[in-house]
Colleague: 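First, the structure itself, so that you have it in front of you.
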Amino acid sequence: MIIISVLTLFALGFIAAGILAVASRVLYVEEDPRIEVVTEALPGANCGGCGFAGCESYAVAVLNDPLMPPNLCCAGGPDVSVRVAELTGKAMGDADPKVIFRRCVKDQGGVLKRFQYLGAQSCAAANLVLGGPDACKYSCLGFGDCVRACPFDAMWLENGLVRIAPDKCTSCGSCIRVCPNSILELIPRRARVMVFCSTQDKGKAVKDVCEAGCVNCGACIKKCPAKCISTVNGRIAIDQAACLAYGPECGEACVKACPRDILRCLAPDAVAPAPHKEPAHIPDETHVADLNA
């Protein structure tokens, strides 16, 4: 009886092995060897800044999709983009280098605490408790979720506010995805003007909690000759592409019209005519030196 059972098991094993061998031949798909080459050319950060789950996923997409551009790897920068373009035979195209910007100056506005928060030291957790302990529910919560999410050590906390090192920021967007108050925004490195506040409230509601916050009066919208400022989701937004395209001829009318000094020039040097921008060239760091103002 034991011998019959053993032989039966052996027979089943041989049959299963035969089925797997046939299936492996029938279902075999040859992998494009270029995928490994392109993947190795990418930095391997798997930060998701390209919009894909990892470097290999982007390598597969850029090889198989004719419309997928070769310059989406923000972590790798221009050199990697050029290499990917060479390997895939695609045109390099143009990309405006970006950097993370923090839309909050709660330290300058003297934003007070509504209550003492004793829970988990996380922005996401604190935000679940009545929107967080700050009097302004749109402010930087200051528990560092974005700092921990940044794979390039481009952020740190100082006096309850996140600070940004523009020379280390690769614009991967990892920090944006974890910020519950959406105070982080990607802007072109050569952006000329930005709003240093993310509130969606207006007038007295803002003045009651912050001495520096945007009151959404709309003066900047009315004064902008380029029509590149508007209200999006309840807060002031700047169409940076349109602003840059119009150029400094506007004289920064929006900045001058802002009664709260919450629209500010990022790069005073940019008042001069913008120089010709070579594709994939990263502007000098001084263009974003005042991001943490």
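Keep in mind that this is a model prediction, so the values were computed, not measured.
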Colleague: Distance check, rounded to the nearest 0.5 Å: Ser182 atom OG versus Ile176 atom CD1?
Modeller: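 Those atoms lie 9.0 Å apart.
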
Colleague: Are the side chain of Gln240 and the backbone of Val193 linked by a donor-acceptor contact shorter than 3.5 Å?
Modeller: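 Judged by distance alone, yes, a pair lies under 3.5 Å.
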
Colleague: Can you tell me if CD on Glu86 sees more than 12 non-hydrogen neighbours from other groups inside 6.0 Å?
Modeller: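 Enclosed: over 12 neighbouring heavy atoms sit under 6.0 Å from CD of Glu86.
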
Colleague: Whether the side chain of Arg114 engages the backbone of Leu130 through a donor-acceptor N/O pair (distance < 3.5 Å, no angle test) should be reported.
Modeller: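 At least one qualifying donor-acceptor pair exists.
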
Colleague: Any donor and acceptor pair, going by atom type alone, linking the side chain of Asn64 with main-chain N or O of Val60 inside 3.5 Å?
Modeller: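 A pair under 3.5 Å: yes.
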
Colleague: For the residue pair Cys136 and Ser139, what are the closest heavy atoms and their distance?
Modeller: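 In this case the closest contact between Cys136 and Ser139 is O-OG, 3.0 Å.
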
Colleague: Does CG belonging to Asn233 count more than 12 external heavy atoms closer than 6.0 Å?
Modeller: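 At most 12 heavy atoms, drawn from other residues, nucleotides or ligands, come within 6.0 Å of this atom.
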
Colleague: Test side chain to side chain contact (heavy atoms under 4.5 Å, CB included) on Ile236 and Ile229; report intermediate values, then the result.
Modeller: CA-CA 7 Å; Ile236 295 297; Ile229 304 179; 3.7 Å; yes

Colleague: Are any of the side-chain nitrogens in Arg163 or Asp107 under 4.0 Å away from the carboxylate oxygens of its partner?
Modeller: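 Judged by the 4.0 Å cut-off on N to carboxylate O distance, Arg163 and Asp107 do form a salt bridge.
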
Colleague: About how many Å separate CZ of Arg192 and CG of Leu244, when rounded to the nearest 0.5 Å?
Modeller: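 Output value for this atom pair is 7.0 Å.
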
Colleague: Search all heavy atoms of Ala149 against all heavy atoms of Val178 and return the closest pair with its distance.
Modeller: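 Closest heavy-atom pair between Ala149 and Val178: CB-CG2, 3.8 Å.
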
Colleague: Do side-chain atoms of Asn216 reach the backbone of Asp201 as a donor and acceptor pair under 3.5 angstrom?
Modeller: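 Pair found, side chain donor or acceptor close to backbone of Asp201.
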
Colleague: Side chain of Ser198, backbone of Tyr138: donor and acceptor closer than 3.5 Å?
Modeller: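 Answer holds: yes.
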
Colleague: Between the side chain of Asp134 and the main-chain N/O of Lys137, is any donor-acceptor distance below 3.5 Å?
Modeller: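 Such a contact is absent between Asp134 side chain and Lys137 backbone.
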
Colleague: Can you find a pair of side-chain heavy atoms, one from Cys175 and one from Met155, that are under 4.5 Å apart?
Modeller: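 Yes; the side chains approach each other to less than 4.5 Å.
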
Colleague: Give a yes or no on whether the backbone of Gly213 and the side-chain of Arg260 come within a donor-acceptor separation of less than 3.5 Å.
Modeller: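 It does hold such a pair.
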
Colleague: What are the two closest non-hydrogen atoms of Trp156 and Ala165, and how far apart are they?
Modeller: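 Heavy atoms only, the tightest pair is CZ3-N, 3.6 Å.
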
Colleague: One pair to check against side chain to side chain contact (heavy atoms under 4.5 Å, CB included): Cys172 and Phe152. What are the steps and the verdict?
Modeller: CA-CA 9 Å; Cys172 69; Phe152 304 103; 3.8 Å; yes

Colleague: Are Ile164 and Leu161 in one and the same hydrophobic cluster, where Ile, Leu, Val, Met, Phe, Trp and Tyr link if side-chain heavy atoms are under 4.5 Å apart?
Modeller: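 Different hydrophobic clusters.
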
Colleague: Count the heavy atoms belonging to other residues, nucleotides or ligands that lie under 6.0 Å from CD of Gln200, then report whether that count exceeds 12.
Modeller: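 Counting other residues, nucleotides and ligands, CD of Gln200 exceeds 12 neighbours.
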
Colleague: With side chain to side chain contact (heavy atoms under 4.5 Å, CB included) as the criterion, how do Ile100 and Glu185 come out once you've worked through the C-alpha distance, each side chain's angles and the decisive distance to 0.1 Å?
Modeller: CA-CA 6 Å; Ile100 282 294; Glu185 183 174 329; over 6 Å; no

Colleague: Hey, what do you get for NZ (Lys256) to SG (Cys220), rounding to the nearest 0.5 Å?
Modeller: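 Answer rounded to 0.5 Å: 15.0 Å.
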
Colleague: When hydrophobic residues are tied together by side-chain contacts of less than 4.5 Å, even through go-betweens, does Ile35 share a cluster with Leu42?
Modeller: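 Result: yes, single cluster for both.
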
Colleague: Kindly compute the distance separating CZ (Arg235) from CD1 (Ile183), expressed to the nearest 0.5 Å.
Modeller: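 Taking CZ in Arg235 and CD1 in Ile183, the distance rounds to 9.5 Å.
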
Colleague: Please report the interatomic distance CD1(Ile262) to CZ(Arg103), rounded to the nearest 0.5 Å.
Modeller: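 Answer rounded to 0.5 Å: 9.5 Å.
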
Colleague: Output yes when a side-chain donor or acceptor of Lys90 lies under 3.5 Å from a complementary backbone atom of Leu63, and no otherwise.
Modeller: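 Between the backbone of Leu63 and the side chain of Lys90 there is no qualifying donor-acceptor contact (under 3.5 Å).
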
Colleague: Under the side chain to side chain contact (heavy atoms under 4.5 Å, CB included) rule, what do Asp261 and Gln108 come out as? Steps first, then yes or no, please.
Modeller: CA-CA 11 Å; Asp261 188 30; Gln108 299 174 21; over 6 Å; no

Colleague: Are Leu72 and Ile187 linked, directly or through other ILVMFWY residues, by side chains that come within less than 4.5 angstrom of each other?
Modeller: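 Unlinked, Leu72 and Ile187 end up in two clusters.
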
Colleague: Heavy-atom count check: over 12 atoms from other residues, nucleotides or ligands less than 6.0 Å from Lys113 NZ?
Modeller: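 For Lys113, atom NZ is crowded (more than 12 foreign heavy atoms under 6.0 Å).
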
Colleague: Minimum heavy-atom separation for Leu141 and Gly132, please, with both atom names.
Modeller: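 Smallest interatomic distance, heavy atoms only, reads CD2-CA, 3.9 Å.
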
Colleague: Hey, is the main chain of Cys217 close enough, under 3.5 Å, to the side chain of Lys202 for a donor-acceptor pair?
Modeller: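 No; judged by distance alone, with no hydrogens or angles, the pair does not exist.
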
Colleague: Please find the pair of heavy atoms, one from Asp145 and one from Ala124, that lie closest to each other, and give the distance.
Modeller: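 Scanning both residues, the minimum pair turns out to be OD2-N, 3.0 Å.
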
Colleague: Looking at every non-hydrogen atom in both residues, tell me the closest pair between Cys55 and Asn46 and how far apart they are.
Modeller: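 It is N-OD1, 2.8 Å.
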
Colleague: Between atom OH of Tyr58 and atom SG of Cys50, what is the distance when rounded to the nearest 0.5 Å?
Modeller: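 The distance works out to 7.0 Å.
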
